[in-house]
Peer 1: 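Take a look at the following structure, please.
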Amino acid sequence: MTPSKNMRQKLIILGTGSFAPVAANLAEESGSFVVTAFVENCNPEKTKETLLNRPIVWIDHVPKFVLTHKALCGLGSTKRADFIAEIQKFSFSFASIIHPAAYVAKTVTIGNGSLISPGSIIADFTRIGKHVLVNRG
């Protein structure tokens, strides 16, 4: 049984580009998370907008989320590592998300901040590192 939205872990998504809403939807479809905001670190003007009807927060304002939220990087580009490093300075915990339509063997280990998309098959004894995106199929 999926927990109600009030019982789910709060999550912020790093980024506001094209992959960020995809990551947010996958996180919520996992049944364990509710996305409350997106984080921007390039263009402060974006904080005047919303994404998926959620606020966009400037990176300097994310420390207020540290105790109540986990983070997930929603960038699919080479800028991922830099954004993750910026957020780690605030001592954020990162969520690992496994979509319910993925098959992950019980002997698999998955690092913090990783996202396993629907249709993925992760075989026995596989080790997936931190902040890895395993895309659909």
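If you read the sequence from its start, that first residue is 1, and numbering goes on from there.
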Peer 1: Check the pair Phe65, Phe92 against side-chain contact (heavy atoms from CB on, under 4.5 Å), reporting the backbone distance first and the verdict last.
Peer 2: CA-CA 8 Å; Phe65 295 100; Phe92 257 96; 3.7 Å; yes

Peer 1: Do Arg127 side-chain atoms and Thr109 backbone N/O form a donor-acceptor pair below 3.5 Å?
Peer 2: no

Peer 1: May I ask whether Leu72 and Ile12 are part of the same hydrophobic cluster, defined by side-chain heavy atoms of I, L, V, M, F, W, Y residues being less than 4.5 angstrom apart, directly or through others?
Peer 2: no

Peer 1: Got a second to check how far Gln9's CD is from Ser30's OG, nearest 0.5 Å?
Peer 2: 10.5 Å

Peer 1: Looking at every heavy atom in both Arg136 and Val22, which two are closest together, and how far apart are they?
Peer 2: NH2-CG1, 3.9 Å

Peer 1: Can you name the nearest heavy-atom pair linking Ile87 to Ala71, along with the distance?
Peer 2: CG2-CB, 4.4 Å

Peer 1: Can you name the closest pair of heavy atoms from Leu75 and Gly15 and give their distance?
Peer 2: CD2-CA, 4.1 Å

Peer 1: Quick check on side chain to side chain contact (heavy atoms under 4.5 Å, CB included): which of Leu26, Ile98, Ile97 does Ser117 satisfy it with?
Peer 2: Leu26

Peer 1: Can you tell me how far the CG atom of Leu133 sits from the CZ atom of Phe19, to the nearest 0.5 Å?
Peer 2: 5.0 Å

Peer 1: Is the side chain of Ser120 donor-acceptor paired with the backbone N or O of Asn135 at a distance under 3.5 Å, no angle test?
Peer 2: yes

Peer 1: Report the residues that fulfil salt bridge (charged side-chain N to carboxylate O under 4.0 Å, His left out) with Lys89, sequence neighbours left out, ordered by chain and then residue number.
Peer 2: none

Peer 1: To the nearest 0.5 angstrom, please state how far the NZ atom of Lys48 sits from the CH2 atom of Trp58.
Peer 2: 12.5 Å

Peer 1: Measure the spacing between CD1 of Ile13 and OG1 of Thr36 and express it to the nearest 0.5 Å.
Peer 2: 9.0 Å

Peer 1: Do Leu14 and Ile56 sit in one hydrophobic cluster, given that two such residues count as connected whenever their side-chain heavy atoms are within less than 4.5 Å of each other, even indirectly?
Peer 2: no

Peer 1: Under the side-chain contact (heavy atoms from CB on, under 4.5 Å) rule, collect the residues that match up with Thr126, sequence neighbours excluded.
Peer 2: Val108, Ile122, Ala123, Ile128

Peer 1: Hey, what do you get for NZ (Lys130) to CG (Asn112), rounding to the nearest 0.5 Å?
Peer 2: 6.5 Å

Peer 1: With a 4.5 Å cut-off on side-chain heavy-atom distances among I, L, V, M, F, W and Y, is there a chain of contacts connecting Leu115 to Leu52?
Peer 2: yes

Peer 1: When rounded to the nearest 0.5 angstrom, what is the spacing between CD1 in Ile59 and CZ in Phe83?
Peer 2: 5.0 Å

Peer 1: Quick one: closest heavy-atom pair of Leu51 and Phe38, and the distance?
Peer 2: O-CE1, 3.2 Å

Peer 1: Suppose we screen for side-chain hydrogen bond (donor to acceptor under 3.5 Å, both in side chains). Which residues come up paired with Glu86, at least two apart in sequence or across chains?
Peer 2: Asn41

Peer 1: If you take all heavy atoms of Phe33 and Ala27, which pair is closest and at what distance?
Peer 2: CB-O, 3.9 Å

Peer 1: Please name the pair of heavy atoms, one in Gly129 and one in Ser114, separated by the smallest distance, quoted to 0.1 Å.
Peer 2: O-OG, 2.7 Å

Peer 1: Show the numbers, then the answer: is there a side-chain contact (heavy atoms from CB on, under 4.5 Å) between Glu40 and Val57?
Peer 2: CA-CA 6 Å; Glu40 175 64 27; Val57 179; over 6 Å; no

Peer 1: Would you check if the side chain of Glu28 reaches a backbone N or O of Val35 as a donor-acceptor pair within less than 3.5 Å?
Peer 2: yes

Peer 1: Are Ile84 and Phe90 connected in the hydrophobic side-chain network, where two residues link if heavy atoms are under 4.5 Å apart?
Peer 2: yes

